[in-house]
Amino acid sequence: MLAGGLAACGGEPAGSQVVEILRELPHDTSASTQGLLIHEGLLYESTGQYGESMLREVELETGEVVRSLELGDEYFGEGLARVGSELIQLTWHEGVAFVYDLETFELLRTHEYDGEGWGLCHDGESLFMSNGSAVLHRRDPVSFEILESHEVTFDGAPVRNLNELECVGDAVYANIFQTDRIVRIDKRSGLVTAEFDASVLVPSAGRPPGVRAVLNGIAYRPGSGTFLLTGKLWPAVFEVRLPD
């Protein structure tokens with residue numbers, strides 16, 4: 001939603017680029033996807049909703065859940081990031097981040113934070129975290145302390161509702177909550193450098209009706225330079241190419 005539309009999350013942007021669908025893969029329709037990443041050919045997924053939240057390891061090609069760990073009923077799972085041999089999973093209102101062993105899903109420790117938890121990604125050095133506002137926090141991956149914060153803007157206007165995140169090089173890609181759009185953010189300045197229209201996925205997704213079933217979930221495949229996109233309760237994961 002360039003040309004001033006990003007902040008309002010409405011209208012059709014003049015500069016939005018349409019994603020290119022490469023293939024479609026199965027996805028569990030019970031998964032209210034909040035965080036998504038790929039590592040060594042396997043998908044790792046954080047799902048939400050109270051009483052339903054999980055951490056999952058999923059076969060990419062089949063959508064089969066290989067391993068899962070249920071969160072307590074009092075937790076709403078949110079963003080997910082991998083830091084070396086560990087996974088960090090946010091919670092929505094609970095102010096707790098769970099740190100797990102990647103291989104066993106054993107809980108190693110927790111971090112506490114103020115405010116809501118939405119998206120999380122790791123660029124190899126720092127964590128980047130969203131909370132539903134226009135602000136991205138850069139955090140220390142060990143202590144989880146905030147190192148710096150940037151307001152995400154386009155043409156001087158804040159870009160709100162930053163949701164699930166993916167770190168790729170010098171950029172952070174973010175789903176804009178309750179839209180079919182993804183923005184690319186310069187991680188050093190917070191400036192939006194591109195916007196991508198993923199509405200082309202909707203006719204193929206077979207997504208159920210209702211406000212919950214929104215686009216949410218973005219994972220980068222370094223070997224191919226492609227992205228995996230899905231949504232909450234969607235029956236499909238799409239491998240796509242984002243225009244340069």
Side-chain angles (χ1 to χ4, degrees), residues 16-49 52-70 77-82 87 89 100 102-103 105 118-122 163-169 171-184 195-210 212-244:
S16 184
Q17 304 173 81
V18 178
V19 306
E20 176 190 358
I21 300 175
L22 302 178
R23 61 172 177 156
E24 185 175 335
L25 299 160
H27 182 243
D28 184 354
T29 55
S30 71
S32 184
T33 306
Q34 307 292 337
L36 191 71
L37 62 89
I38 187 167
H39 176 61
E40 295 184 347
L42 291 167
L43 279 179
Y44 293 87
E45 185 173 30
S46 170
T47 70
Q49 301 301 315
E52 302 175 16
S53 294
M54 292 185 182
L55 173 66
R56 294 176 165 188
E57 181 184 272
V58 180
E59 288 279 358
L60 175 61
E61 301 294 332
T62 66
E64 178 186 354
V65 178
V66 180
R67 287 188 296 160
S68 65
L69 176 70
E70 295 182 3
E78 280 285 350
L80 183 69
R82 181 182 67 86
L87 294 170
Q89 182 182 31
Y100 308 97
L102 175 69
E103 297 298 325
F105 283 6
W118 285 42
L120 191 70
C121 68
H122 185 239
N163 203 0
E164 221 270 299
L165 306 178
E166 183 74 351
C167 292
V168 183
V172 175
Y173 290 78
N175 284 277
I176 305 297
F177 182 51
Q178 293 186 326
T179 78
D180 296 317
R181 294 176 170 88
I182 293 165
V183 292
R184 185 180 68 207
E195 186 199 27
F196 306 97
D197 180 359
S199 60
V200 66
L201 305 182
V202 176
S204 300
R207 74 182 188 187
R212 284 179 53 191
V214 297
L215 178 74
N216 202 47
I218 175 169
Y220 179 65
R221 303 191 72 185
S224 62
T226 60
F227 290 80
L228 300 171
L229 303 180
T230 192
K232 302 177 185 182
L233 312 177
W234 285 22
V237 173
F238 295 90
E239 184 168 7
V240 308
R241 194 177 308 281
L242 302 186
D244 294 331

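- Checked options V19, N163, L229; the residue passing with I182 is L229 (criterion: side chain to side chain contact (heavy atoms under 4.5 Å, CB included)).
- Taking each heavy atom of L36 and A219 in turn, the nearest pair found is O-CB, 4.0 Å.
- Taking each heavy atom of G48 and Q34 in turn, the nearest pair found is N-CG, 3.4 Å.
- To the nearest 0.5 angstrom, R67 atom CZ is 4.0 Å from E57 atom CD.
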Worked verdict on F177 versus V214 for side chain to side chain contact (heavy atoms under 4.5 Å, CB included): CA-CA 8 Å; F177 182 51; V214 297; 4.0 Å; yes
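- Here Y100 pairs with nothing under the ring pair (Phe, Tyr, Trp, His ring centres under 6.0 Å) rule; sequence neighbours left out.
- The structure places CG of L87 at 8.5 Å from NE2 of H39, a figure rounded to the nearest 0.5 Å.
- Considering CZ of F105 and CD of Q89, their distance stands at 9.0 Å, rounded to 0.5 Å.
- Among L42, D28, T33, L43, the single residue meeting the side chain to side chain contact (heavy atoms under 4.5 Å, CB included) criterion with R56 is D28.
- H27 contributes a side-chain N or O that, together with a main-chain N or O of W234, makes up a donor-acceptor pair within less than 3.5 Å.
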Intermediate values then yes/no, side chain to side chain contact (heavy atoms under 4.5 Å, CB included), V200 and V240: CA-CA 11 Å; V200 66; V240 308; over 6 Å; no
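- One finds the CZ atom of R82 at 11.0 Å from the CD1 atom of I38 (value rounded to the nearest 0.5 Å).
- A donor-acceptor distance shorter than 3.5 angstrom exists from the side chain of S53 to the backbone of G77, with no hydrogens or angles considered.
- In this structure, E70 places its CD atom where only 12 or fewer heavy-atom neighbours from other residues, nucleotides or ligands lie under 6.0 Å away.
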Stepwise side chain to side chain contact (heavy atoms under 4.5 Å, CB included) test for R184 and Q17: CA-CA 11 Å; R184 185 180 68 207; Q17 304 173 81; 5.7 Å; no
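- Nearest heavy atoms, C121 versus E166: SG-C, 3.7 Å.
- For E239, the salt bridge (charged side-chain N to carboxylate O under 4.0 Å, His left out) criterion is met by R23, R221, not counting sequence neighbours.
- Going from atom OH of Y220 over to atom OG1 of T226 covers 8.0 Å, rounded to the nearest 0.5 Å.
- To the nearest 0.5 Å, the span separating CG on L120 from CG on L80 amounts to 7.5 Å.
- Inter-residue side-chain proximity for I218 and N175 is flagged as met; some heavy-atom pair is nearer than 4.5 Å.
- In terms of modelled atom types and a separation under 3.5 Å, the side chain of S32 and the main chain of T47 share no donor-acceptor contact.
- For Y44, the ring pair (Phe, Tyr, Trp, His ring centres under 6.0 Å) criterion is met by no residue, not counting sequence neighbours.
- Not one N or O on the side chain of E164 forms a donor-acceptor pair closer than 3.5 Å with the backbone of L215.
- Aromatic rings of Y173 and F227 (six-membered ring for Trp) have centroids within the 6.0 Å cut-off, being under it.
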